[in-house]
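For clarity, every value in this text was computed on a predicted model and none was experimentally measured. Both ligands and their constituent atoms are indexed starting at 1 by order of listing.
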Amino acid sequence: MRSSSSDSLELQTELLLTIPRPTSSCSPLEYSQRPVCKIFIAGISGTNLDMDKLVIRGGNPLLGTVRISGAKNAALPCMAAALLTEEPVILENIPQVHDIETTRKLLAAMGAEVELGYGRAHHRTTICARTLAAPEASYELVKTMRASTLVLGPLVARCGHARVSLPGGCAIGARPIDLHIKGLERLGAKITQEHGYVEAVVDPLKGARLRGAEVVFDRITVTGTEDLLMAATLADGETIMQNCAREPEVNDLAALLNAMGAKIQGAGTSTIRVKGVSKLHGARHRIIPDRIEAGTFIVAGALTGGDLNVAGCDPAHLTAILQKLAETGVKTAVKADSVRVMGDQPHQAADMNTEEYPGFPTDMQAQYMALATQAEGTSIITENIFENRFMHAQELVRMGANIKIEGRRAIVRGGTPLSAAAVLASDLRASASLVLAALVADGETIIDRVYHLDRGYEHIEEKLKAVGAEIRRVGNIFPKRAAAPAQS
Ligand code: EPU
């Protein structure tokens with residue numbers, strides 16, 4: 001181990017390791033003072049996680065059982081909700097993915113105590129925001145994860161002020177946060193934007209408290225609904241939110257908030273009513289299963305002609321996905337908390353439009369496209385939520401797919417065999433579609449920029465390997481001091 005300044009090698013990687021706490025009796029304070037070591041590694045192959053690639057040899061049917069993790073997109077707002085109380089919030093079934101790690105860092109940087117479960121409790125995170133020294137989310141963290149803007153509502157509701165970096169665009173579209181801002185303004189926050197940050201302040205003469213109001217969202221937004229829902233719990237009076245997102249993740253957040261003492265009705269419908277309370281308390285909550293991870297594995301089972309039991313999911317959240325797959329001829333057997341997919345039938349093309357929940361999720365569009373490349377006939381896939389979410393199409397074409405993009409529509413002529421290639425992942429769900437395509441391609445596909453996948457899929461290669469996929473992760477092999485200038 002050596003320090004940054006004493007090292008002039010170019011291929012230097014910084015890994016921030018969090019040492020797990022040794023016993024479950026460790027207090028939040030002890031935890032917050034835990035040793036954190038920064039390790040600098042120079043020129044060693046396979047250590048720079050950003051450089052990791054997945055190598056997949058296609059052709060194996062997936063057989064057996066795969067267990068679904070907690071939903072990343074439910075866990076993220078629930079972690080932000082912990083900012084609303086001084087008491088500990090204990091969250092179970094938190095997936096071990098990078099976006100969660102980023103959120104832990106974000107909350108800790110504000111002064112919250114973040115405690116990770118140890119051993120068998122490693123899917124538990126306890127957050128205690130007793131004091132919030134810095135109600136701020138810096139660019140450094142927000143730029144890596146847009147969902148960081150979820151702290152805006154809770155911070156301004158709890159502290160009367162918040163400063164959060166604007167996230168900027170991303171690979172799937174512009175993704176503004178104007179609807180979060182408009183909503184908070186309706187609740188009485190004064191919002192300014194300067195130097196890339198949005199600053200929200202509530203008048204201290206009004207007790208620094210937001211006040212309830214009627215808010216109609218111009219369009220449906222998932223994190224916008226969640227942000228405002230959290231803010232409204234501590235507002236003075238009643239908030240009525242209309243045209244809300246109805247995603248199960250919004251419902252899960254409302255369940256946590258109600259367990260913390262909030263008074264929310266109507267979550268899961270397009271009108272949500274919130275009676276503000278003066279204080280929230282701690283709670284324990286289990287995060288719902290990840291419906292997108294479940295959908296991804298169901299498509300994997302179908303595509304590979306396997307027989308896969310996707311266990312620990314909630315089929316009620318998968319209705320649109322299962323219905324669309326049935327249309328393509330995919331056979332499934334649904335139980336209370338599992339879906340068995342039997343992929344031994346040929347698949348037919350079926351058009352698909354992405355919609356807000358309960359419609360077909362945009363987060364499954366790329367995976368559906370991988371399936372459509374192997375179905376008989378032409379499928380027209382229309383992306384209605386994000387304007388630029390077809391980046392995977394060109395990579396699939398490089399593997400032999402026949403796809404033409406016309407604005408928001410992708411025309412997929414199916415039934416073309418896929419052959420292995422070196423491909424580039426551009427975002428989380430695009431990466432998943434490339435993994436699916438690789439599982440049926442002829443030869444060894446190399447998927448670059450796997451860090452996108454690691455943001456949202458827990459242990460994906462271990463899970464796939466356990467049901468028969470031939471998959472391995474490799475790092476870049478750099479010669480030591482490869483690109484470094486000559487040293488005197
Ligand atoms: N929009 C605005 N203004 C806003 C907010 C949204 O114009 O203030 C637009 C967006 O640009 C988009 C549409 O409204 O065109 C819907 O965006 P939404 O706000 O619903 O998306 P999000 O809340 O930023 C969440 C998920 C996404 C998922 C979308 C849609 C989380 C953390 N993220 O994003 O998940 O695709 O809803 O369902 O919940 C993923 O997991 O890979 C992912 C991208």
Tell me whether [X] contacts the main-chain N or O of [Y] through its side chain, where contact means a donor paired with an acceptor under 3.5 Å.
X	Y	result
R158	L83	yes
T85	A82	no
R246	P358	no

Applying the side chain to side chain contact (heavy atoms under 4.5 Å, CB included) test to [X], which of [options] qualifies?
X	options	result
N243	V215, T225, I220	I220
H180	I191, L228, T223	T223
Y368	V412, V299, T328	T328
I56	V435, L436, L464	V435

Give the atoms of ligand 1, by number and element, whose distance to some non-hydrogen atom of [X] is under 4.0 Å.
X	answer
A147	32 (C)
T223	22 (P), 23 (O), 24 (O), 31 (C), 32 (C), 39 (O)
V222	18 (P), 19 (O), 20 (O), 23 (O), 25 (C), 37 (O), 38 (O)
T362	30 (C), 36 (O), 38 (O)
I177	4 (C), 8 (O)

Could you identify the single nearest non-hydrogen protein atom to [atom] and state the distance to 0.1 Å?
atom	result
atom 33 (N) of ligand 1	N73 ND2, 3.6 Å
atom 8 (O) of ligand 1	L179 N, 2.7 Å
atom 3 (N) of ligand 1	D178 OD1, 2.7 Å
atom 21 (O) of ligand 1	F386 CZ, 3.8 Å

If we set the cut-off at 4.0 Å for heavy atoms, which region of [X] has an atom near ligand 1: side chain, backbone, both, or neither?
X	answer
I292	neither
L428	side chain
E226	neither
K72	side chain

Completion exercise
For R186, the salt bridge (Lys or Arg N to Asp or Glu O under 4.0 Å) test, sequence neighbours excluded, returns none
Exercise for the section: Would you check whether I385 has a nitrogen or oxygen atom less than 3.5 angstrom from a nitrogen or oxygen atom of ligand 1? Expected result: yes
Problem - Test of proximity, R175 against ligand 1: N or O pairs below 3.5 Å - result: yes
Problem - Side-chain donor-acceptor pair present, E383, T354, cut-off under 3.5 Å - result: yes
Practice task
Pick, from S148, P176, G224, the option with the minimum heavy-atom distance to atom 6 (C) of ligand 1.
Solution key: P176
Exercise for the section: May I ask which of T354, T221, D363, T225 has a heavy atom nearer to atom 19 (O) of ligand 1 than the others do? Expected result: T221
Would you call [X] a ligand 1 contact, heavy-atom distance under 4.0 Å?
X	value
R389	yes
H180	yes
G456	no
R429	yes

Handout entry: Over 12 foreign heavy atoms within 6.0 Å of CD, E387
Key = yes
Practice task
Quick one: which residue pairs count as a side-chain hydrogen bond (donor to acceptor under 3.5 Å, both in side chains) with a foot in residues 247-257, not counting sequence neighbours?
Solution key: E249-R291, D252-H285
Completion exercise
Between the NE2 atom in H459 and the OG atom in S69, the distance rounded to the nearest 0.5 Å is 7.0 Å
